[in-house]
Amino acid sequence: MHSICFQATGVPRSNYIFDSCSPALAISKPINLRFCGLRKEAFGFSGLTHSSSGRVRFSSRGHSKKVSASAESNGSPPKSFDYDLIIIGAGVGGHGAALHAVEKGLKTAIIEGDVVGGTCVNRGCVPSKALLAVSGKMRELQSEHHMKALGLQVSAAGYDRQGVADHANNLASKIRSNLTNSMKALGVDILTGVGTIVGPQKVKYGKVGFPDNIVTAKNIIIATGSVPFVPKGIEVDGKTVITSDHALKLESVPDWIAIVGSGYIGLEFSDVYTALGSEVTFIEALDQLMPGFDPEIGKLAQRVLINPRKIDYHTGVFATKITPAKDGKPVIIELIDAKTKEPKDTLEVDAALIATGRAPFTNGLGLENVNVVTQRGFVPVDERMRVIDTNGNLVPHLYCIGDANGKMMLAHAASAQGISVVEQVTGRDHVLNHLSIPAACFTHPEISMVGLTEPQAREKAQKEGFEVGVAKTSFKANTKALAENEGEGLAKLIYRPDNGEILGVHIFGLHAADLIHEASNAIALGTRIQDIKFAVHAHPTLSEVLDELFKSAKVKAAALSHGPVSEPVAV
Ligand SMILES: Cc1cc2nc3c(=O)[nH]c(=O)nc-3n(C[C@H](O)[C@H](O)[C@H](O)COP(=O)(O)OP(=O)(O)OC[C@H]3O[C@@H](n4cnc5c(N)ncnc54)[C@H](O)[C@@H]3O)c2cc1C
Ligand SMILES: NC(=O)c1ccc[n+]([C@@H]2O[C@H](COP(=O)([O-])OP(=O)(O)OC[C@H]3O[C@@H](n4cnc5c(N)ncnc54)[C@H](O)[C@@H]3O)[C@@H](O)[C@H]2O)c1
């Protein structure tokens, strides 16, 4: 069990920004660091056992890096450095930063206490997408109506649980070795052991029972990620009450599984489990399922992904106590009303998956040695990922990226933040626009989004005094979607009619996760609707859903300062 202090709020992490520490203010103040000195106790792997999987894996390969001559005193910055950049944590964030650092000519080391690849590769995106690939195919093969519409005849579809589990595990191993090899090939030093910051520009790493290695670097990036968050009162046994860490191993397919939390993990696993034959009961604290999505898209998703499937749900309730199955008794779940806190119901199910968010993995990092206090476990950073100390000042040469800073808990966001930091330490100011970072939920069909939801856009518009426009297109009008017999889908554009700015795009439908990039790139590059609407799309493709979407927006004439970038050429 972990002891991280963290309250699940249901607020999408993308909105969790430490705006109380104005970076401009922080820079203008003199840097005033108080260092608390060296943490005496060995940190070892106590932090890594947070995961309810009880994971304690580390390589026995002792790493004999030289101890820097400059590393003797911990309170003052070293005068010479072993590395230009040290990254603590070799997840996707750390990996993205390391590769870009090498490209920029930085001597780079990455410290990893468990296995390379972190959550995404080993316990997240990669194995989950392997399971979802199987659930997608199962769904298709099982849908007699769908097959008949295409003129296909298939005999009953079945699956081999271990074969499916092996597919997920093999994919994770393959991607893990790709990641490791890519870093080795580029000359990134992979240092094995848990990293702890012992002072400015100084990190120790090693494993319990062995002498520590101390290394120094001009700049340090914390990229230590997150672990499943399990609310108090829920007992995880790894067999009948599980987190995503366990579920991804697919050791069983329960007949009836309760999924606590209807966010990304809950929704994706409901797709997997129902395709493999389970019945699912959602338990969601907020008043509606999928509370993080644009409400209109959420409603459609509920109509397609929830209602026709073997899924029921309880909303507005907290699971306060969950007891694993034992001695022939089922898993028992006690529910209370989220508002009144009165007991509401007791459920008896075969298994429960806890999908109530993730907690930052920052315990034992030695942040106190650089006068930094976490906020609900997250490392406070400004918009350039520079770490902020307890006095609101920037800690020189220290950055934090990825899940550990809580800005946006997505793999590509972690990596993009890492690249942004490398740009800064190599002399180019760079601020990542988080509103241009897309997200996708890989259900069947998929959901994707970038920027603001409609309620968020309307709130912003009211504050700033502008009008909001909404345009929508259906997949039912798209030739490619109809050819695939996949006409159920919607794309929604939220924009400013006065200047053509794209505020948000939300897609539900076939390959939504791939389609969103036209919109996210447009936001990242500041492309306006009046320009992108003239971009030509191949026919017949799903991308025409977005083409139609941009064309149907009503941008005011005053914003149309110039015509199409290129006129269509008649051939
Ligand atoms: C089931 C699931 C599915 C997901 N699917 C997607 C998806 O489809 N798309 C997507 O974008 N995101 C997805 N995510 C989220 C994604 O996995 C995370 O956002 C991403 O992994 C964060 O990357 P990171 O580098 O910040 O941290 P992590 O990937 O968690 O890596 C952190 C690394 O740091 C190491 N570490 C920690 N502390 C120390 C220390 N003190 N010293 C040395 N090493 C240390 C850890 O062992 C770990 O290897 C999913 C998550 C889950 C759980
Ligand atoms: N496809 C993807 O990109 C993908 C897939 C999986 C996970 N992830 C990332 O992993 C992170 C974690 O995913 P997640 O689904 O666990 O979190 P989430 O924040 O997406 O959803 C958690 C849900 O649990 C509910 N909840 C919280 N406590 C509860 C309680 N006690 N009882 C009932 N409901 C409760 C919340 O209201 C919320 O709806 C996300 O931030 C996401 O970014 C991404």
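Quick caveat, the model's predicted, so the values are computed rather than measured. By convention here, the first residue in the shown sequence is residue 1. Atoms within each ligand, like the ligands themselves, are counted from 1 in listed order.
Distances shorter than 4.0 angstrom occur between a heavy atom of R358 and an atom of ligand 1. Ligand 2 does not have E446 within reach: every non-hydrogen atom of the residue lies 4.0 Å or more from it. Taking a 4.0 Å cut-off on heavy atoms, V115 registers as neighbouring ligand 1. Using 4.0 Å as the threshold, P291 has a heavy atom nearer than that to some atom of ligand 2. For the ligand labelled ligand 2, residue A440 lies inside the 4.0 Å heavy-atom shell. Under a 4.0 Å heavy-atom criterion, V317 is in contact with ligand 2. Residue F442 places a heavy atom less than 4.0 Å from ligand 1.
An N or O contact shorter than 3.5 Å links E268 to ligand 2 by distance. Note: an N/O pair closer than 3.5 Å links A285 and ligand 2 by distance alone. Considering backbone and side-chain atoms together, C441 places no N or O closer than 3.5 Å to any N or O of ligand 2.
By heavy-atom distance, the residue among T443, I265, I354, L289 lying nearest atom 13 (O) of ligand 2 is I265. For atom 25 (C) of ligand 2, the nearest non-hydrogen atom from the set E284, M290, K129 comes from E284. Selection from G233, G261, S128 by nearest heavy atom to atom 23 (C) of ligand 2 gives G261. Ranked by closest heavy atom to atom 51 (C) of ligand 1, the top entry among P228, G193, G124 is G124. Summarising the contacts of atom 40 (C) of ligand 1 with A439, G113, G195, A413, the nearest heavy atom is found in G195.
Ion pairing of E268 with K129 is present here, as a side-chain N (NZ or NE/NH1/NH2) and a carboxylate O approach within less than 4.0 Å. Contact check on D212 versus K207 returns no salt bridge, with no Lys/Arg side-chain nitrogen under 4.0 Å from an Asp/Glu carboxylate oxygen.
Listed by number with element, the atoms of ligand 2 under 4.0 angstrom from any heavy atom of V260 are 32 (N), 33 (C). Atoms of ligand 2 found under 4.0 Å from any heavy atom of I283 (numbered from 1 in listed order, with element): 33 (C), 34 (N). Near M409, with a cut-off below 4.0 Å to any heavy atom, the atoms of ligand 2 are 9 (C), 41 (O), 42 (C), 43 (O). For ligand 2, the atoms sitting less than 4.0 Å from at least one non-hydrogen atom of F442 are 1 (N), numbered in the order shown with element in parentheses. Those atoms of ligand 1 that come under 4.0 Å of a heavy atom in G402, given as number and element, are 26 (O). Annotation for ligand 1: atoms under 4.0 Å from non-hydrogen atoms of V194 are 40 (C), 41 (N), 42 (N), 43 (C). Numbered from 1 in the order shown, with element, the atoms of ligand 1 that lie under 4.0 Å from a heavy atom of S226 read 30 (O). For ligand 1, the atoms closer than 4.0 angstrom to any heavy atom of F361 are 37 (C), 38 (N). Interface atoms of ligand 2 facing A319, defined by a heavy-atom separation under 4.0 Å, are 32 (N). Of all atoms in ligand 1, listed by their number and element, those nearer than 4.0 Å to a heavy atom of C120 are 17 (O), 21 (O), 29 (O). Close approach of ligand 1 to I265 is summarised as follows: ligand atoms under 4.0 Å from at least one heavy atom of the residue are 53 (C). For ligand 1 and G118, the ligand atoms under 4.0 Å from any heavy atom of the residue are 29 (O), 31 (O), 48 (C), 49 (O). The atoms of ligand 1 that sit less than 4.0 Å from any heavy atom of S128 are 3 (C).
With a 4.0 Å cut-off on non-hydrogen atoms, I88 touches ligand 1 through its side chain and not its backbone. The part of A223 lying near ligand 1 is the backbone, judged by heavy-atom distances below 4.0 Å. With a 4.0 Å heavy-atom cut-off, ligand 1 is reached by no atom of S415. Counting heavy atoms under 4.0 Å from ligand 1, residue K129 touches it through the side chain alone. Within the 4.0 Å heavy-atom criterion, both parts of T356, backbone and side chain, lie near ligand 2.
Atoms CZ and CG, on F361 and D403 in that order, are 12.0 Å from each other to the nearest 0.5 Å. Of the inter-residue distances, the one linking I110 atom CD1 with T192 atom OG1 reads 11.0 Å to the nearest 0.5 angstrom. In this structure, CZ in F508 is found 12.5 Å from CD in E296, a value given to the nearest 0.5 Å. Considering CG of L106 and NE2 of H100, their distance stands at 9.0 Å, rounded to 0.5 Å.
When the options I222, L398, N405 are evaluated for a side chain to side chain contact (heavy atoms under 4.5 Å, CB included) with M385, the one that passes is N405. The side chain to side chain contact (heavy atoms under 4.5 Å, CB included) with C400 is formed by just one residue from the set V395, V379, I221; it is V379.
The backbone N or O of T216 sits less than 3.5 Å from a side-chain atom of D82, completing a donor-acceptor pair.
Outside the 6.0 Å centre-distance limit, the rings of Y264 and F269 are not counted as a close aromatic pair.
Residues satisfying the side chain to side chain donor-acceptor pair (under 3.5 Å) test with S270, not counting sequence neighbours, are none.
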